Protein chains: 2
Amino acid sequence: MKQPGYLDVQRPVSPSRLKIACSNCNLRELCLPVGLSEGEMQQLDEISHLKRGYARGDYLYRSGDKFQSLYAIHSGSFKTQVLHEDGREQVTGFQMVGEIIGLDAISTEHHTCDAVALEDSEVCELPFDKLEALSREIPSLQRHLHKIMSREIVRDQGIMLLLGSMRAEERLAAFLLNLSQRFAARGLSPTQFQLRMSRREIGSYLGLKLETISRAFSHFQEDGLISVKVRSVEILDLPRLHSFVGK
Amino acid sequence: MKQPGYLDVQRPVSPSRLKIACSNCNLRELCLPVGLSEGEMQQLDEISHLKRGYARGDYLYRSGDKFQSLYAIHSGSFKTQVLHEDGREQVTGFQMVGEIIGLDAISTEHHTCDAVALEDSEVCELPFDKLEALSREIPSLQRHLHKIMSREIVRDQGIMLLLGSMRAEERLAAFLLNLSQRFAARGLSPTQFQLRMSRREIGSYLGLKLETISRAFSHFQEDGLISVKVRSVEILDLPRLHSFVGK
DNA sequence: CGCCGGATTGAAGGTACTCAATCCGTGTGG
DNA sequence: CCACACGGATTGAGTACCTTCAATCCGGCG
């Protein structure tokens with residue numbers, strides 16, 4: 001049952017991005033790795049399949065689940081979080097359309113974090129053993145997979161830098177700029193967007209409390225850097241927001 | 001799934017897993033991936049070679065360098081760090097014998113961090129294109145390589161949890177326990193060891209200032225948890241140190 | 001309408017930082 | 001051989017930033 005607004009919206013996206021192809025997910029442009037032939041795309045499509053119907057709060061997988069597949073986000077968005085036995089939780093990332101999640105589970109063959117939908121979402125499941133087999137046959141796919149994993153490592157390093165050496169408002173500015181870039185890469189506005197996550201979730205991701213996030217938003221607004229009303233954000237002064245990070 | 005040690009920054013290295021073989025580096029036992037035949041080991045050895053003579057402070061690679069190879073540490077130890085334009089630096093990891101560094105560079109084909117020797121060290125260079133070619137032929141090597149990359153992602157998630165939600169002394173306790181496990185995995189004492197890094201480097205890694213590290217060491221010593229004299233550490237009460245993390 | 005969760009704002013408090021003095025071990029030069 | 005300098009480490013005092021606790025606001029929904 002095709003819902004309006006999902007599959008028919010083709011979003012122009014920079015073609016060089018590192019995403020696994022998934023044409024039955026209608027994400028060919030987003031996901032197309034450089035240099036894959038039609039036939040090879042076909043093979044990739046054959047091993048993957050779409051899973052629909054995730055609603056806000058639904059788990060795509062949980063920490064401890066047996067690892068079977070990677071997932072390419074086809075629509076919507078997710079957060080990943082690790083839980084500590086004492087109840088503390090740390091959001092480790094927010095993933096949006098075209099991004100791959102589940103890479104953490106390869107090492108132990110069990111997932112090490114939870115993946116939770118932030119809104120109505122669909123994913124494209126990529127069984128990992130089939131993906132490995134295919135990447136042995138297609139070197140460009142192999143390299144592509146390695147790049148995706150490496151890119152995740154680089155991303156994590158960036159978050160470590162943020163958590164380890166930035167003050168609260170710098171962290172939030174860096175976060176907003178990161179969202180801005182990722183929206184822009186999907187052909188959406190880099191300056192006007194809806195946050196899909198709560199203040200608490202942003203705080204967890206940035207190593208801060210929700211009140212601190214709220215205050216920082218208010219302060220940015222007073223300074224004329226952004227306009228924010230609950231979850232809708234407009235960046236008014238992108239250059240100044242940039243210069244604010246690492247000031 | 002979640003045993004004590006679950007949230008440690010780096011997981012213990014069980015000797016039979018997750019290391020690329022490197023017999024000309026004398027690391028066969030540590031590095032041997034499960035299920036590689038003698039002949040396959042031979043092939044791996046043929047593509048790799050030893051590089052000697054790194055002294056404390058020497059760079060194995062720098063941020064921006066063209067990516068050619070991964071490196072398995074054969075002797076000694078390294079730190080990896082990312083630098084921010086304003087001069088801030090963040091240590092992203094300390095690597096010891098048998099661990100693989102350079103994975104960050106695959107995504108952009110340029111290194112995104114510096115790798116600096118902490119003491120006299122030797123590495124085994126693994127040209128990445130040859131490693132990829134070999135892993136297409138040897139599925140168990142392919143899986144092994146994927147696990148190494150995934151493990152790095154999991155490690156980074158652990159550091160994010162640490163940086164995002166632990167207080168200073170918890171961070172240091174987690175750090176010491178992590179070192180302890182990794183020394184134990186190498187047949188060294190889990191309770192008595194020499195730190196190879198300065199207070200400042202530990203602080204950078206843990207998102208704290210060097211004075212805070214020093215105070216936390218002193219406090220642990222007053223509490224009878226450890227005995228510390230500059231860089232030589234003895235853990236006196238491992239269980240209590242464990243329970244201290246996530247208290 | 002009233003409830004609920006999320007968000008905002010205020011005030012007080014605590015943790016880690018900053019600045020600074022001192023100590024200590026190592027290496028160097030008189 | 002000792003004096004001295006140097007960098008790393010330790011310790012103290014005052015401060016800044018973020019957290020904690022609390023009250024209030026706001027929008028959605030039964």
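Within every chain, numbering begins at 1; the chains are lettered A, B, ... in the order of the sequence lines, protein sequences first and strands thereafter. This structure is a prediction, so every number in the text was calculated from the model and none was measured. When reading the values below, keep in mind they use all heavy atoms of this one structure, side chains included, and skip hydrogens, waters and symmetry mates.
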*Exercise: do A/T112 and A/D104 side chains pair donor with acceptor under 3.5 Å*: yes
*Please work out if B/S214 contacts a base, only the sugar-phosphate, or nothing of the nucleic acid, heavy-atom cut-off 4.0 Å.*
base
*Looking at A/V233 and A/L176, what are the two nearest heavy atoms and their distance?*
CG1-CD2, 4.4 Å
*Whole Å only: how far is the CD1 atom of A/I213 from the C1' atom of D/dT19?*
12 Å
*Say whether A/S75 and A/S121, considering side chains only, have a donor N or O and an acceptor N or O under 3.5 Å apart.*
no
*D/dT11 C1' sits how many Å from B/K209 NZ, rounded?*
18 Å
*Just one of B/E99, B/E201, B/E119 clears the salt bridge (Lys or Arg N to Asp or Glu O under 4.0 Å) bar with B/K79, so which one?*
B/E201
*In residues 196-208 of chain A, what residues come within less than 4.0 Å of DNA chain D, judged by heavy atoms?*
A/G207, A/L208
*Could you tell me if the ring centre of B/F67 sits under 6.0 Å from that of B/H110?*
no
*Would you call B/R200 and B/E211 a salt bridge, using N to O less than 4.0 angstrom?*
no
*Rounded distance in Å - CD (B/Q194) to P (D/dA9)*: 12 Å
*Between B/E169 (CD) and C/dG14 (C1'), how many Å, whole number?*
14 Å
*Roughly, in whole Å, what's the span from CG in A/L210 to P in C/dG5?*
14 Å
*May I have the distance from B/L163 (atom CG) to C/dA16 (atom P), rounded to whole angstrom?*
13 Å
_Categorize B/R231 for me: base, sugar-phosphate, or nothing, with a 4.0 angstrom heavy-atom threshold over every strand shown._
sugar-phosphate
*Treat primed atoms plus P, OP1 and OP2 as sugar-phosphate and everything else as base, then score nucleotides 21-30 of chain D 5' to 3': B for base contact with protein heavy atoms under 4.0 Å, S for sugar-phosphate contact only, - for none.*
BB--------
*Please determine if A/E222 and A/R215 form a salt bridge, counting it only when a charged side-chain N lies under 4.0 Å from a carboxylate O.*
no
*Do B/T191 and B/E234 meet the criterion of a side-chain donor-acceptor pair at a distance under 3.5 Å?*
no
*Write down the distance between CZ (A/F217) and P (C/dT9), rounded to a whole number of angstrom.*
12 Å
*Centres of the A/F78 and A/F94 rings: under 6.0 Å?*
no
*Write down the distance between CZ (B/R167) and C1' (C/dC17), rounded to a whole number of angstrom.*
15 Å
*For B/T212 and C/dC17, is the shortest distance between a side-chain N/O and OP1 or OP2 below 4.0 Å?*
yes
